[in-house]
Q: 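My structure is below; once you've seen it, I'll send some questions.
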Amino acid sequence: MGASLPPKEANLFKLIVKSYETKQYKKGLKAADTVLKKFPDHGETLAMKGLTLNCMDRKSEAYELVRLGLKNDLKSHVCWHVYGLLYRSDREYREAIKCYRNALRIDPDNIEILRDLSLLQAQMRDLSGFVETRQQLLTLKPNHRMNWIGFAVSHHLNSNGSKAVDILEAYEGTLEDDYPPENERCEHGEMLLYKISLLEEYGFLERALEELHKKESKIVDKLGYKEQEVSLLLKLGRFEEGERLYRVLLSMNPDNYRYYEGLQRCLGLHSEKGQYSSDEIDKLESLYKSLAQQYSRSSAVKRIPLDFLRDDKFREAAESYIRPLLAKGVPSLFSDLYPLYNHPGKANILGELVLRLEQSIKTTGGYPESEEKEPPSTLMWILFYLAQHYDRCGQYDIALIKIDEAIEHTPTVIDLYSVKSRIVKHSGDLAAAAALADEARCMDLADRYINSECVKRMLQADQVALAEKTALLFTKDGDQHNNLYDMQCMWYELASGESYLRQGELGRALKKFLAVEKHYADITEDQFDFHSYCLRKMTLRMYVEMLKFQDRLHSHAYFRKAASGAIRCYLRLYDCPPKSAAEEDDEMSKLPASQKKKLRQKLRKAEARAKKDAEVKNEESSSTSVAKSGKRQLKPVDPDPHGEKLAQIEDPLAEATKYLKLLLTHSSDCLETHLLSFEVNMRKQKILLALQAVKHLVRLAADNPKSHLCLIKFFHKVGALPAPVTDAEKLVWRVLEVERPTFSQLHEKSLIDANNIFLEKHRESLMHRAAVAELMYVLEPNKKAEAVKLLEDSVNDLVSLDGDRGADSTWKLKDCISLHKLLETTFNDHDAALRWKARCAEYFPFSTYFEGICSSVATHQTQKTPENGVVILNSGENCALPSPNGRLDKLDKLKDLHI
């Protein structure tokens with residue numbers, strides 16, 4: 001470094017490097033300028049000055065200087081290394097790797113460059129290159145522990161576990177007998193556990209167990225030691241020893257569900273599907289009874305039997321589990337028991353059980369068969385549970401009666417209002433749900449969770465501006481909108497994006513969805529620092545788990561929602577492209593002069609208002625940052641805050657394809673991925689890719705109405721195409737001729753016959769009938785009336801629950817809304833849509849979409865008594881409307897609320 005400089009300037013060059021490493025950038029810049037006064041063409045100094053400027057956010061100057069330095073000294077490894085560091089800072093990892101390789105051609109034994117290259121290769125998953133680089137590092141510096149470990153990990157990641165074990169054993173052979181010293185025992189113990197987990201992963205179970213027992217004294221993590229030992233014993237089939245060890249682990253932590261599962265496996269009483277014979281249930285019952293005596297304070301030992309017990313035994317166990325938790329007032333009881341509602345018959349038993357407790361508390365003040373009086377709050381928690389129970393069963397009127405009774409009993413419990421908001425949301429009244437959530441928020445303004453729940457309800461009701469103001473109450477002062485982005489608040493961005501998409505504001509929706517995608521890119525980048533840290537600190541097992549997690553990062557539900565939302569936006573932009581400025585001017589020129597003048601005035605006012613708001617926000621953010629730090633912190637201004645440029649994209653399908661590829665790679669088992677693939681590829685006229693999507697849909701869910709819809713639509717569309725002319729078109733047709741018989745639904749059947757057979761198979765399902773009716777209209781447009789009649793003839797079977805306590809509708813609100821939109825858009829039958837709306841308003845009286853008689857929409861047509869503002873319906877019918885505690889009369893005021 002700086003070898004071609006005289007001694008004084010060479011020392012200054014070393015100072016530049018030291019200043020860069022210690023982040024004293026101004027000092028380094030001053031030293032660089034001093035050297036460049038005498039040697040203006042010195043390549044390495046120019047490169048280091050550029051690197052320093054890069055850290056001071058002067059990127060364009062930095063690139064210019066580094067390139068100039070490289071041009072002046074092309075054979076300097078320092079210049080190539082610095083160029084690589086510059087690319088690395090901009091996440092251009094492939095370019096950085098090229099620069100590092102060029103530097104290594106000049107100085108092949110440079111430890112720093114090799115180390116930086118290995119980190120990039122791990123980041124980019126260039127595993128063969130990673131192995132080579134780590135081997136080179138080990139050859140150059142064999143007395144460094146990190147090089148041994150890095151070489152072993154590289155082989156593990158490259159699926160060569162036996163080689164990794166050999167390397168670790170070779171490293172242990174270099175150590176003395178009394179190793180490790182006291183200050184390195186934890187790191188050495190972690191390395192030993194990593195080696196044993198490697199042996200286990202690659203099937204050397206006996207050897208792993210032997211090694212574990214041999215190294216017991218050197219492993220500090222005794223819990224990790226026991227868990228590793230019991231895992232090996234279980235895989236080796238040594239169940240008696242495994243049982244003893246699981247009982248030891250349970251004595252250490254009797255609330256760990258995994259230990260109970262392991263104990264059941266050792267006793268041969270575990271089922272992946274949760275289905276047991278009566279003999280196995282008896283054995284499990286006696287096991288958990290003995291464990292309950294041993295660990296009387298454990299909640300897990302009482303909760304687990306509820307999963308496998310049935311009928312009267314389940315009733316007895318559930319009652320003994322529920323009673324103390326209701327008396328204590330545990331709000332999460334329903335969430336704890338929620339999975340049991342998917343077990344046949346258990347929902348009814350739980351409902352009957354809690355109703356019996358309610359009746360007993362109301363009449364005697366205590367539980368049945370008990371003389372002891374319960375605290376008054378027990379009744380409130382029983383009503384709280386029952387409200388959630390009926391909400392889960394779809395009986396919203398009874399749920400609202402119960403929650404109102406609980407609120408009347410104790411009006412100060414915030415959880416009651418939150419649950420009431422959730423019930424109202426499920427019933428279809430999103431505006432009222434938002435109002436109730438806001439009331440709950442106002443009861444405790446310091447509770448961030450309740451504030452977030454309120455924001456979510458507002459976004460579901462498409463009250464985006466109000467939701468944003470409410471969310472910003474819990475952000476730092478200054479640039480608050482960026483705060484939500486910086487905090488990677490993905491649930492907010494997704495809900496906001498969905499709301500904008502429903503309202504047709506595609507630019508804003510895309511802005512939110514792409515922000516989530518950017519967060520996932522940032523999370524991928526965040527792993528970079530751990531490549532060296534984990535090897536240094538020897539947290540090897542967690543490091544490998546983190547890399548595996550990163551490899552499947554884009555299969556996470558939030559990313560899937562964001563990518564799906566973005567693709568739907570691009571599809572709508574393709575179907576209905578936004579008007580250009582010229583088209584808007586043409587439309588305006590056709591308007592009368594008076595209307596044109598009014599429109600221009602309105603646009604000018606809107607622009608002025610937006611400009612003023614932006615200035616106020618900038619002023620506030622700058623003043624707060626100056627007040628806090630004494631310095632004016634300049635943040636880059638977003639050139640497209642409302643996503644207007646995103647909505648003006650030239651090729652929406654090309655953008656949609658980018659996100660579709662990610663979904664196909666990471667979420668190939670998700671039905672929605674292939675539905676979107678079908679929609680995109682049909683628009684792009686990519687017939688074979690659309691066929692591939694259809695094949696995946698049929699493989700995943702052949703009886704799903706959407707899969708059937710895509711299958712029939714595809715072959716109908718293909719059948720309407722002109723005869724093939726080119727060789728490529730003829731080849732596609734030959735593929736289609738071969739593939740069609742592979743679909744059992746279409747084998748030796750016409751599309752109309754296949755559609756009719758599908759109807760006979762799923763006649764009772766509303767959404768299946770909707771798919772069949774839509775296809776009937778597509779295949780035979782003259783049968784529109786028959787298709788509409790098929791929809792209107794659908795019957796809503798009511799399933800009786802809890803005796804005379806009401807009935808649950810088999811129709812779901814979401815499905816009925818979809819069907820109404822189908823009648824309005826696809827069939828373009830306004831009269832049928834009105835009839836369907838009137839019919840659904842009876843089934844869903846709380847739904848604002850169908851303007852049900854108990855919804856908040858209906859309250860606008862009601863009268864209020866001046867004394868207490870209680871809503872009285874003109875119809876005179878009894879509805880379980882949200883009570884005055886719900887403050888539905890505040891709905892109009894909410895629109896103008898300023899926080």
Q: Assess, by modelled atom type and distance only, whether the side chains of His820 and Tyr849 contain a donor and an acceptor separated by less than 3.5 Å.
A: yes
Q: Would Arg769 and Asp815 count as a salt bridge (Lys or Arg N to Asp or Glu O under 4.0 Å) if you check the C-alpha gap in whole Å, the side-chain angles of each, and the deciding distance to 0.1 Å?
A: CA-CA 11 Å; Arg769 290 173 80 100; Asp815 295 342; over 6 Å; no
Q: Which pairs with one or both residues in residues 718-733 pass side-chain hydrogen bond (donor to acceptor under 3.5 Å, both in side chains), sequence neighbours excluded?
A: none
Q: Return the orientation label for the Phe850 and Phe844 ring planes: parallel under 30°, perpendicular over 60°, tilted otherwise.
A: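 Rings of Phe850 and Phe844: parallel, under 30°.
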Q: Would you please test Phe130 and Asn158 for side chain to side chain contact (heavy atoms under 4.5 Å, CB included) and show each step?
A: CA-CA 9 Å; Phe130 186 40; Asn158 204 28; over 6 Å; no
Q: Between Asp429 and Thr848, do the side chains contain a donor N or O and an acceptor N or O under 3.5 Å apart?
A: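 Thr848 vs Asp429: no donor-acceptor pair found between side chains.
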Q: Identify the two heavy atoms, one from Thr524 and one from Gln550, that lie closest to each other, and give their separation to 0.1 Å.
A: CA-OE1, 3.5 Å
Q: Does any N or O in the side chain of Trp836 come within less than 3.5 Å of the main-chain N or O of Cys816, such that one atom is a donor and the other an acceptor?
A: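 It does hold such a pair.
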Q: State, to 0.1 Å, how close Leu506 and Cys569 come at their nearest heavy-atom pair, and which atoms those are.
A: CD1-O, 4.1 Å
Q: Please answer whether the main-chain N or O of Ala122 pairs with a side-chain N or O of Arg125 as donor and acceptor at a distance below 3.5 Å.
A: yes
Q: Side chains of Leu759 and His768, heavy atoms from C-beta outward: is any pair under 4.5 Å?
A: no
Q: Does any part of the side chain of His642, heavy atoms only, come nearer than 4.5 Å to the side chain of Lys511, both counted from C-beta?
A: no
Q: Where does the angle between the aromatic ring planes of Tyr93 and Phe528 fall among parallel (under 30°), tilted (30 to 60°) and perpendicular (over 60°)?
A: parallel
Q: Quick one: salt bridge (Lys or Arg N to Asp or Glu O under 4.0 Å) partners of Arg58, sequence neighbours excluded?
A: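 Glu61.
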Q: Mind checking whether Phe714 and Met682 have side chains closer than 4.5 Å, heavy atoms only?
A: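 Yes, close enough: below the 4.5 Å cut-off.
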Q: Measure across Ala754 and Ile712 and return the closest heavy-atom pair with its distance rounded to 0.1 Å.
A: CB-CD1, 4.2 Å
Q: Can you check whether His762 and Phe758 have ring centres sitting under 6.0 Å from each other?
A: yes
Q: When you check the gap from the basic side-chain N to the acidic O, do Asp831 and Arg835 get nearer than 4.0 Å?
A: no
Q: Are Leu664 and Ser668 side-chain neighbours, meaning at least one heavy-atom pair lies under 4.5 Å?
A: no
Q: Would a distance-only check, ignoring hydrogens and angles, find a side-chain to backbone donor-acceptor pair under 3.5 Å from Glu780 to Met776?
A: no
Q: Can you confirm whether the side chains of Glu493 and His519 place a donor and an acceptor under 3.5 Å from each other?
A: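 Yes, because at least one side-chain N or O of Glu493 sits under 3.5 Å from a partner of the opposite role on His519.
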Q: Please check this pair: side chain of Lys749 against backbone of Ser744, looking for a donor-acceptor N/O pair closer than 3.5 Å.
A: yes
Q: A quick test of your reading: do over 12 heavy atoms of other residues, nucleotides or ligands sit less than 6.0 Å from CG of Asp575?
A: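 Check passes, neighbour count above 12.
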Q: Any side-chain donor paired with an acceptor under 3.5 Å for Tyr87 and Tyr83?
A: yes
Q: Between Ala471 and Tyr492, which heavy-atom pair has the shortest distance, and what is it?
A: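 Distance-wise, the nearest heavy atoms are CB-CE1, 4.2 Å.
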Q: Would you tell me whether Ser60 and Glu64 have side-chain atoms, one donor and one acceptor, within less than 3.5 Å of each other?
A: no
Q: Say whether Ser89 and Asn54, considering side chains only, have a donor N or O and an acceptor N or O under 3.5 Å apart.
A: yes
Q: Taking the side chain as every heavy atom from C-beta outward, state whether Gln123 and Glu525 have any pair of such atoms under 4.5 Å apart.
A: yes
Q: How are the rings of His674 and His696 set to each other: parallel, tilted or perpendicular (split at 30° and 60°)?
A: parallel
Q: State whether Arg560 and Glu672 are salt-bridged, where the test is any N-O pair (Lys NZ or Arg NE/NH1/NH2 against Asp/Glu carboxylate O) under 4.0 Å.
A: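 Salt bridge: no.
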Q: How are the rings of His556 and Tyr558 set relative to one another: parallel (under 30°), tilted (30 to 60°) or perpendicular (over 60°)?
A: perpendicular
Q: Are Glu498 and Lys561 close enough for a salt bridge, meaning some N to O gap below 4.0 Å?
A: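 No, this pair does not count.
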Q: Calculate, to the nearest 0.5 Å, the distance between atoms CG and CD belonging to Leu484 and Glu468 respectively.
A: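 Atom-to-atom, Leu484:CG and Glu468:CD are 7.5 Å apart.
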Q: Evaluate Arg683 against Glu679 for salt bridge (Lys or Arg N to Asp or Glu O under 4.0 Å), listing each step before the verdict.
A: CA-CA 6 Å; Arg683 284 168 173 79; Glu679 294 293 339; 2.8 Å; yes
Q: Looking only at non-hydrogen atoms, find the nearest pair between Asp90 and Tyr63 and report the distance.
A: OD2-OH, 2.6 Å
Q: Is there a side-chain contact between Arg508 and Leu646, using heavy atoms and a 4.5 Å cut-off?
A: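 No, too far: nothing below the 4.5 Å cut-off.
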Q: Quick one: closest heavy-atom pair of Leu501 and Gly565, and the distance?
A: CD2-O, 4.4 Å
Q: With no hydrogens and no angle check, do the side chains of His708 and Asn755 hold a donor and an acceptor under 3.5 Å apart?
A: yes
Q: Return yes when atom NZ of Lys784 has more than 12 non-hydrogen atoms of other residues, nucleotides or ligands closer than 6.0 Å, and no otherwise.
A: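 Yes - once you tally the heavy atoms of other residues, nucleotides and ligands closer than 6.0 Å, there are more than 12.
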Q: Between Arg839 and Glu792, is there a donor-acceptor pair closer than 3.5 Å when you use the side chain of the first and the backbone of the second?
A: yes
Q: Are Leu86 and Lys59 side-chain neighbours, meaning at least one heavy-atom pair lies under 4.5 Å?
A: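 They are not in contact (no side-chain heavy atoms under 4.5 Å apart), so the answer is no.
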Q: Is any side-chain heavy atom of Phe827 closer than 4.5 Å to one of Leu822?
A: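 SC-SC contact between Leu822 and Phe827 confirmed.
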Q: Going by atom types only, do Ser750 and Asp753 share a side-chain donor-acceptor pair under 3.5 Å?
A: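 Note: Ser750 and Asp753 side chains meet the donor-acceptor criterion.
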Q: For Lys821, which residues count as a salt bridge (Lys or Arg N to Asp or Glu O under 4.0 Å) partner, sequence neighbours excluded?
A: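 Scan of Lys821 (salt bridge (Lys or Arg N to Asp or Glu O under 4.0 Å), adjacent residues dropped) gives none.
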Q: Going from NZ on Lys658 to CG on Leu663, what distance comes out if it is rounded to the nearest 0.5 angstrom?
A: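 Going from NZ on Lys658 over to CG on Leu663, the span is 13.5 Å.
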Q: If you count heavy atoms of other groups shown closer than 6.0 angstrom to NZ of Lys837, is the number above 12?
A: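 For Lys837, atom NZ is crowded (more than 12 foreign heavy atoms under 6.0 Å).
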